[in-house]
J.: 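Handing you a structure now.
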Protein chains: 2
Amino acid sequence: MPTRTAAQLREEAARDYDAFMAECPARHLLDRIGTKWVSLVLLGLADGPQRDSDLSRRIAGVSQKMLTQTLRNLERDGLISRAVTPSVPVRVDYELTALGESLLPLVNAIREWAESNMPKVEAAREQYDAL
Amino acid sequence: MPTRTAAQLREEAARDYDAFMAECPARHLLDRIGTKWVSLVLLGLADGPQRDSDLSRRIAGVSQKMLTQTLRNLERDGLISRAVTPSVPVRVDYELTALGESLLPLVNAIREWAESNMPKVEAAREQYDAL
DNA sequence: CCGCATCCTTAGCGATACTG
DNA sequence: CAGTATCGCTAAGGATGCGG
């Protein structure tokens, strides 16, 4: 009989895991910007404030639900700010905060890597699938 | 009666969306590296080849299923290579390809941004939630 | 114009058990 | 040691319709 059972080992691993994840902000960040529309919204706001309706046009194909949800999350995280003009009908403008803007270089770096290297990835994938 | 119905407009948006997505490799990339374990595996392989079992220990908390799945996807995308030594028991080593290594600076950039800025994000979130 | 609420379908992921 | 197969849960996300 081992000093620790498999279940205990799993528990320990889970604790290590939690600790690792907790001290790994990168994962948290990827959880954010990895979600389907975040990068597109950030890029959509890159060249100045935009209205909700403008964004939904700029980011063709986004459902109104996901746009709102994405914007809410970004606002909550302090990456964008939301300004409501109480006219009739209402007007809502979104804008990158300083924190949000500081993320743009990263998003652009990702985009650049992707633009120059994704073709290779596609090629590798086709070759792999051909086997 | 409008020249185009709402349904038609949605269809057009969907086509635009497809075109946009198709020509937007960054999204594809984020779909990859955004998944839960990819960045951790890349970092796990950053300082040299590793055996499957090594990786599963380095990346505490990853299930064996997800580790295999992640490794397979990365291999398929040409980001890592897989070397099998047909001993008994088998030995499998994984290693970053050149393409995979070229992704490391990006992963590290993400990690650095996260380490310096996630506290601000957390703070923003708490403040937002306090309302 | 903006966004919430509801329903429903799929994809991600973990747990477990089994093979060479 | 490395990998596969199955089950079941949960979260993501799209469609639609209502309300300020």
Side-chain angles (χ1 to χ4, degrees), chain A residues 5-11 13-14 16-18 21 27 30-41 49-76 80 82-94, chain B residues 5-11 13-18 21 27-28 30-41 49-76 80-95:
Chain A
T5 66
Q8 283 173 330
L9 287 173
R10 267 200 307 280
E11 269 180 51
D16 289 352
Y17 161 73
D18 287 342
M21 295 301 267
R27 274 262 74 256
L30 282 168
D31 279 343
R32 298 276 142 193
I33 67 169
T35 145
K36 197 164 186 184
W37 303 103
V38 171
S39 48
L40 294 175
V41 169
Q50 301 283 331
R51 300 187 57 172
D52 180 293
S53 43
D54 291 335
L55 280 173
S56 70
R57 245 170 284 111
R58 286 170 73 105
I59 310 172
V62 68
S63 69
Q64 174 270 3
K65 172 186 172 181
M66 289 318 295
L67 181 58
T68 302
Q69 195 178 103
T70 304
L71 290 167
R72 278 297 168 297
N73 285 333
L74 290 174
E75 189 196 359
R76 186 168 104 100
I80 64 174
R82 179 170 179 267
V84 182
T85 310
S87 51
V88 179
V90 224
R91 175 198 173 104
V92 180
D93 289 86
Y94 293 96
Chain B
T5 66
Q8 282 172 331
L9 286 174
R10 268 200 306 281
E11 269 179 51
R15 271 203 308 283
D16 289 352
Y17 160 75
D18 287 341
M21 294 301 266
R27 274 262 74 258
H28 295 326
L30 283 168
D31 279 344
R32 298 276 141 193
I33 68 169
T35 139
K36 196 164 186 183
W37 302 104
V38 170
S39 49
L40 294 175
V41 169
Q50 301 284 330
R51 301 186 56 170
D52 180 296
S53 44
D54 292 334
L55 279 174
S56 70
R57 247 171 283 110
R58 286 170 73 105
I59 310 174
V62 68
S63 70
Q64 177 267 9
K65 173 186 171 180
M66 288 319 293
L67 181 57
T68 301
Q69 194 177 103
T70 305
L71 290 167
R72 278 296 169 297
N73 285 331
L74 289 174
E75 189 196 358
R76 187 166 103 103
I80 65 175
S81 62
R82 179 170 178 268
V84 182
T85 310
S87 52
V88 178
V90 222
R91 174 197 173 103
V92 181
D93 290 85
Y94 293 96
E95 180 178 13

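In what follows, every chain begins at residue 1, and chains take the letters A, B, ... in the order their sequences are listed. Below, all heavy atoms of this structure are taken into account, side chains as well, without hydrogens, waters or symmetry copies.
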J.: How long is the straight-line distance from OG1 of B/T35 back to CD of B/Q69, given to the nearest 0.5 Å?
T.: 7.5 Å

J.: To the nearest Å, give me how far apart CD1 (A/I59) and P (D/dG13) are.
T.: 14 Å

J.: Examine D/dA2: is either OP1 or OP2 under 4.0 Å from a nitrogen or oxygen in the side chain of B/T68? Give yes or no.
T.: no

J.: Whole Å only: how far is the CG atom of B/L67 from the C1' atom of C/dG14?
T.: 14 Å

J.: To the nearest Å, how far apart are B/K36 NZ and C/dA11 P?
T.: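 Nearest whole value for this atom pair: 19 Å.
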
J.: Compare the minimum distances between each of C/dG14, D/dG14, D/dG3 and the side chain of B/D52, then state the nucleotide with the smallest one.
T.: D/dG3

J.: Atom CE of B/M66 to atom P of C/dA11: distance rounded to whole Å?
T.: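 Between P of C/dA11 and CE of B/M66: 14 Å.
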
J.: The side chain of B/P89 lies closest to which of these nucleotides: D/dC1, D/dG14, C/dC1?
T.: D/dC1

J.: Which of these passes salt bridge (charged side-chain N to carboxylate O under 4.0 Å, His left out) with A/D54: A/R58, A/R51, A/R57?
T.: A/R57

J.: Classify the nucleic acid contact of B/T35 as base, sugar-phosphate or nothing, counting any heavy atom under 4.0 Å across all strands shown.
T.: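 Result for B/T35 = sugar-phosphate.
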
J.: Give the rounded distance in Å between these two atoms: CG of A/L30 and C1' of D/dA12.
T.: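 It is 17 Å, rounded to the nearest whole Å.
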
J.: For A/R91 and C/dC2, give me the distance from atom CZ to atom P, rounded to whole Å.
T.: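 To the nearest whole Å, that distance equals 8 Å.
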
J.: Between B/R72 and A/V90, which is nearer to the 5' end of DNA chain D once each is assigned its nearest nucleotide?
T.: B/R72

J.: Nearest whole angstrom, please: distance from the P of D/dG3 to the CG of B/N73.
T.: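 Roughly 14 Å, once rounded to whole Å.
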
J.: Do any side-chain nitrogens or oxygens of A/R82 fall under 4.0 Å of OP1 or OP2 in C/dC2?
T.: no

J.: Starting the side chain at C-beta, find the nucleotide from C/dG3, D/dC1, C/dG14 nearest to B/R51.
T.: D/dC1

J.: When you get a sec, tell me which of D/dC1, D/dC7, C/dC1 is the closest nucleotide to the side chain of B/K65?
T.: D/dC7

J.: Ignoring hydrogens and angles, are the base of C/dC4 and the side chain of A/Q64 linked by a donor-acceptor pair under 3.5 Å?
T.: yes

J.: Looking only at heavy atoms, what is the nearest atom pair of B/R32 and B/V38, with distance?
T.: O-CG2, 3.3 Å

J.: Given atom CD of B/Q69 and atom C1' of C/dA15, what is their separation to the nearest angstrom?
T.: 14 Å

J.: Whether B/Y94 contacts D/dC1 is assessed here as follows: a side-chain N or O lying under 4.0 Å from the phosphate OP1 or OP2. Is that the case?
T.: no

J.: Take A/L71 and A/E75, measure what side chain to side chain contact (heavy atoms under 4.5 Å, CB included) needs, and give me the verdict at the end.
T.: CA-CA 6 Å; A/L71 290 167; A/E75 189 196 359; over 6 Å; no

J.: Step by step, work out the side chain to side chain contact (heavy atoms under 4.5 Å, CB included) result for B/V62 and B/L40.
T.: CA-CA 10 Å; B/V62 68; B/L40 294 175; over 6 Å; no

